Amino acid sequence: MPAEARAIYWFRTDLRITDSPALTKCLAIPNLKSVNFAWCWDPNYIYGHRVGLNRFSFLLESMQSLSDELTKVNKSQKLQVVRGPPEKVLPIMWESWGITHLVFEKDANEYAKVRDARIKKLAEEKGVEVIEVHGRHLYDPEQVVKVNGNKPTMTLHQWQGVAQKIGKIPRPSETPKKLPDPNSTDLKHSKKDEKYKWPGEDLNAEIRTGKDTCYDRMSGPKGDYSVPTMTEMGFSDATTTIKGGTVEGHKRLDTFLGNPEDVATFSKPHTAPTSLEPSTTLLSPYIKFGCIGIRELWWGCKDVIEEWSKTGKGKKTSEPENMFGQLEFRDMYAAAETAQENFQQIRGNAVCRYIDWALQNQYNDKGDLILPRPRDDDEEAEERFAAWREGRTGFPWIDACMRQLKHEGWIHHLARHSVACFLTRGQCYISWERGMEVFDEWLIDWDPASNPGNWMWLSCSAFFAQYYRVYGLVSWPAKTDKHGELVRKYCPELKDFPDKYIYSPHLAPESVQKSSNCIIGKDYPFPILDEHVEKDRCIARLKDAYAVGLHGDAKEVLEGTAKQMLEDKHAETGAGEVKSDKEKKDLKAAEKRKRSGDGNIEDWTTKKQGKKGLGPVEKRDG
DNA sequence: GTTAGAGTTGGGCCT
DNA sequence: CAGGCCCAACTCTAA
């Protein structure tokens with residue numbers, strides 16, 4: 001062991017000093033003389049990956065807030081942001097500061113695992129000791145997978161079984177009351193402080209309104225390694241009202257925990273996706289960037305509910321609908337993602353069903369994803385996708401959600417369900433990969449495991465299979481808000497419509513459109529498709545896809561013959577055909593006759609009687 | 001090997 | 001009007 005230890009604490013995703021097992025471990029290094037808190041501003045994130053202004057802005061605010069917290073504990077400390085890929089800039093830091101230890105929080109997702117493996121190898125070569133500590137999830141996803149027989153966790157039940165075997169979730173780590181000084185905040189970089197040149201195409205070029213000076217020097221435009229600003233990256237201000245930072249996150253957490261009844265009776269499925277003020281906690285962005293610790297939230301809820309239960313005021317909710325269930329799902333997805341390669345795409349993803357969606361990812365001969373995705377030959381699908389993305393489908397509920405998503409960087413969980421179902425298995429029959437990409441661009445809280453996981457769930461590609469349950473575009477939002485407040489806010493052109501037509505303005509008579517100051521087809525689009533015709537087609541096609549039963553790792557998918565296979569199947573079953581309303585009516589009537597026909601007696605004995613012990617009952621009239 | 005019952009959060013109708 | 005029931009029929013798991 002060296003006489004003096006000098007550490008770098010490498011911040012990556014989690015931006016806080018509370019509830020950090022890795023930081024605790026770092027500060028416990030024997031003979032620790034200095035710690036430098038570093039962030040490597042990875043060019044891949046700002047050039048190689050489409051990220052909306054809202055997430056950039058939230059991230060920068062969170063970095064600044066973290067830096068301020070470090071300074072509060074030790075005046076000579078701050079977050080040192082070095083512009084460049086970690087594998088380039090970390091070795092420069094090791095050399096400059098005589099570093100003996102590199103400490104960071106473990107990150108189990110595929111991108112981070114590959115990056116961290118490279119860093120660990122470099123560190124080993126230089127004799128720098130690496131300390132990697134799990135802390136981002138309730139349980140270490142890799143450990144969960146191991147206990148689960150090296151298989152991805154595909155049901156919550158399965159995950160819970162594993163969790164029980166592993167043991168209790170630890171209490172939050174203590175927040176450090178003091179921190180050692182940094183070695184120095186300067187780097188010996190005279191030769192190396194050059195402009196970093198991104199080799200590929202800048203995928204964020206179209207949202208840049210000013211000059212990008214962020215990478216002019218490794219030390220940043222001011223030469224002091226300070227947190228980048230939106231202006232330095234050539235970005236205009238974000239539109240979101242959600243402010244980042246560990247301080248802001250803890251404020252929100254305290255507010256939530258301050259209402260014990262809300263915590264104890266939290267029930268996700270019963271919160272309204274239509275409400276103007278978020279009906280949920282809005283903690284997800286703060287969890288995504290680690291502004292608050294996951295154990296702070298878990299134990300905060302546990303303690304508050306325990307106290308509340310003593311008052312005997314009412315019944316509390318249980319898993320999976322309560323807050324614990326929500327956090328468990330996050331862990332379940334993390335464990336699934338870490339075990340399953342290609343989790344963010346269909347191709348090569350063994351847990352994902354192959355469905356012949358339009359606008360799937362495109363790959364070159366070597367099997368590499370082509371980015372940015374070239375325009376598809378399927379013009380109708382491209383047009384539907386563009387309309388969905390830009391909030392101009394002609395379905396006010398979908399459009400309002402998509403506009404809110406772009407503007408705020410957040411929409412309610414059930415609103416995400418609704419727009420995801422519409423884009424994929426509900427109506428548009430477009431690949432979930434496209435939807436996932438848009439969420440990645442616009443959601444502040446986008447997570448590399450939960451997001452693809454939920455897209456597979458909603459598209460019935462994995463985790464969920466009841467594809468005949470489709471969210472209504474008119475009836476469903478009306479259940480929680482008949483007045484359509486969210487639509488009136490985000491689609492202001494519709495604000496004068498009467499409640500009756502707020503989710504289906506195209507059905508309003510011309511006179512109503514005139515008096516509502518909005519002509520459908522002129523001031524607001526006519527629906528891009530027929531909700532019910534497309535729904536029936538989608539269900540029929542999903543049924544075919546399930547019958548064929550291919551998954552992303554199938555030979556046919558890798559060789560590119562799978563799509564034709566399913567098209568042949570559709571031709572066989574007639575799933576691609578559009579049925580007129582009359583045909584549907586006739587079919588339904590025929591079905592009904594079949595059901596209420598001669599088989600009636602058997603029906604009663606097996607179904608009704610067996611279940612309830614009741615015979616047929618005369619229908620009450622009136 | 002078979003099968004009933006459950007599965008984070010659907011729609012429609014009835015009470 | 002919130003809550004229960006049925007619809008038609010998916011997969012996974014525990015018995």
Side-chain angles (χ1 to χ4, degrees), chain A residues 148-149 151-162 265-275 279-280 317-333 336 351-353 355 397 411-422 424-427 450 453-482 503 531-532 535-536 538-549 551 587-588 590-592 594-596 599 603-604 606-608 610-612 614 616-622:
Chain A
N148 196 43
K151 288 202 179 79
T153 44
M154 298 305 288
T155 66
L156 189 64
H157 196 90
Q158 194 180 41
W159 181 90
Q160 285 167 331
V162 172
T265 60
F266 183 86
S267 172
K268 189 64 151 283
H270 296 114
T271 55
T274 44
S275 84
S279 57
T280 47
T317 45
S318 47
E319 280 125 319
E321 66 183 27
N322 65 9
M323 181 55 79
F324 304 115
Q326 306 308 307
L327 299 184
E328 289 170 4
F329 272 114
R330 173 174 176 269
D331 259 55
M332 179 194 81
Y333 284 132
V351 301
C352 178
R353 272 178 196 283
I355 295 161
W397 167 242
I411 51 175
H412 188 277
H413 183 74
L414 294 177
R416 300 178 195 195
H417 279 209
S418 196
V419 299
C421 179
F422 173 77
T424 59
R425 68 179 167 87
Q427 275 83 22
S450 298
N454 274 315
W455 273 98
M456 283 187 262
W457 183 300
L458 263 300
S459 62
C460 286
S461 301
F463 302 102
F464 183 68
Q466 281 156 284
Y467 51 74
Y468 43 86
R469 291 185 176 179
V470 176
Y471 291 82
L473 304 176
V474 177
S475 55
W476 191 74
K479 275 204 299 199
T480 45
D481 181 19
K482 289 203 169 16
Y503 294 116
E531 175 184 356
H532 302 287
K535 174 182 159 180
D536 290 348
C538 283
I539 291 174
R541 287 171 165 210
L542 262 289
K543 192 181 170 126
D544 287 352
Y546 270 59
V548 173
H551 285 75
L587 267 174
K588 235 180 188 167
E591 279 288 313
K592 212 167 187 177
K594 227 163 72 188
R595 277 202 307 276
S596 58
D603 250 29
W604 278 113
T606 55
K607 264 186 152 171
K608 314 263 160 135
K611 224 174 187 174
K612 289 274 169 192
L614 291 171
V617 181
E618 287 274 329
K619 232 186 174 179
R620 269 183 56 198
D621 48 0

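Below, each value reflects all heavy atoms present in this structure, side chains not excepted, and no hydrogens, waters or symmetry copies. Because the structure is a prediction, the values reported are computed rather than measured. Every chain is numbered from 1 and lettered A, B, ... according to where its sequence line falls, protein lines coming before strand lines.
- As rounded to whole Å, 10 Å separates atom C1' of B:dG10 from atom OH of A:Tyr468.
- Listed in residue order, the members of residues 319-329 of chain A having a heavy atom less than 4.0 Å from DNA chain B are A:Pro320, A:Gln326, A:Phe329.
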Practice item. Test side chain to side chain contact (heavy atoms under 4.5 Å, CB included) on A:Lys268 and A:Thr317 and set out the steps. Key: CA-CA 10 Å; A:Lys268 189 64 151 283; A:Thr317 45; over 6 Å; no
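- Regarding A:Met154, its CE atom lies at a distance of 17 Å from the P atom of B:dG7, rounded to whole Å.
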Practice item. Please assess A:Met154 against A:Val351 for the test side chain to side chain contact (heavy atoms under 4.5 Å, CB included), listing each intermediate value before the final yes or no. Key: CA-CA 8 Å; A:Met154 298 305 288; A:Val351 301; 3.6 Å; yes
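- Protein atom CZ of A:Phe422 is 17 Å distant from nucleotide atom C1' of B:dG10, rounded to whole Å.
- Using a 4.0 Å heavy-atom cutoff across all strands shown, A:Arg416 reaches no nucleic acid atom at all.
- Side-chain atoms of A:Cys460 and A:Arg353, non-hydrogen and from C-beta on, never get closer than 4.5 Å to each other.
- Across C:dA8 and B:dG7, the matching P atoms stand 23 Å from one another, rounded to whole Å.
- No side-chain donor-acceptor contact under 3.5 Å links A:Arg425 to the backbone of A:Cys538.
- Listed here is the closest heavy atom pair of A:Phe463 and A:Thr153: CE2-O, 3.9 Å.
- Residue-to-nucleotide proximity on DNA chain C shows that, of A:Arg469 and A:Tyr546, the 5′-proximal contact is made by A:Arg469.
- Where DNA chain B pairs in unbroken runs of 3 or more (Watson-Crick or G-U, both distances under 3.5 Å), the stems are B:2-7 with C:10-15, B:10-15 with C:2-7.
- One interatomic measurement links the two molecules: NE2 of A:His157 to P of B:dA6, which rounds to 12 Å at whole-angstrom precision.
- A distance of about 15 Å separates the P atoms of C:dC5 and B:dG5, rounded to the whole Å.
- Atom pair A:Lys543:NZ and C:dA8:P shows a separation of 12 Å (rounding to whole Å applied).
- Proximity note for A:Leu156 (side chain, C-beta onward) versus C:dT13, C:dT11, B:dT8: the nearest is B:dT8.
- Between A:Phe329 and A:Trp457, the ring planes are perpendicular. Angles over 60° get that label, and only those under 30° would be called parallel.
- Near-neighbour residues of DNA chain C inside residues 471-479 of chain A, defined by a heavy atom below 4.0 Å, are absent.
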Practice item. In sequence, state the C-alpha distance, the side-chain angles, and the governing distance for A:His417 and A:Trp476, and then conclude on side chain to side chain contact (heavy atoms under 4.5 Å, CB included). Key: CA-CA 11 Å; A:His417 279 209; A:Trp476 191 74; 5.7 Å; no
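- One can place NE2 of A:His532 at 7 Å from P of B:dG12, the figure rounded to the nearest angstrom.
- When heavy atoms are screened at a 4.0 angstrom cut-off, A:His413 is found touching base atoms of the nucleic acid.
- Rounded to a whole Å, the CG atom of A:Leu542 is 14 Å from the C1' atom of C:dT11.
- Inter-residue side-chain proximity for A:Ser275 and A:Asp481 is flagged as unmet; no heavy-atom pair is nearer than 4.5 Å.
- Taking the P atom of each, C:dG4 and B:dA6 are spaced 16 Å apart, rounded to whole Å.
- For the pair A:His551 NE2 and C:dC12 C1', the interatomic distance rounds to 12 Å; values are reported in whole Å.
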Exercise for review: List the steps, then state whether side chain to side chain contact (heavy atoms under 4.5 Å, CB included) holds for A:Gln158 with A:Lys151.
Suggested key: CA-CA 11 Å; A:Gln158 194 180 41; A:Lys151 288 202 179 79; 5.8 Å; no
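- For the residue pair A:Thr274 / A:Thr480, a side-chain donor-acceptor distance below 3.5 Å is found, with atom types taken as modelled.
- The two atoms that bring A:Ser418 and A:Trp397 nearest to each other are OG-NE1, 2.9 Å, heavy atoms only.
- When atom types are taken as modelled, the side chain of A:Glu321 and the backbone of A:Phe266 share no donor-acceptor pair closer than 3.5 angstrom.
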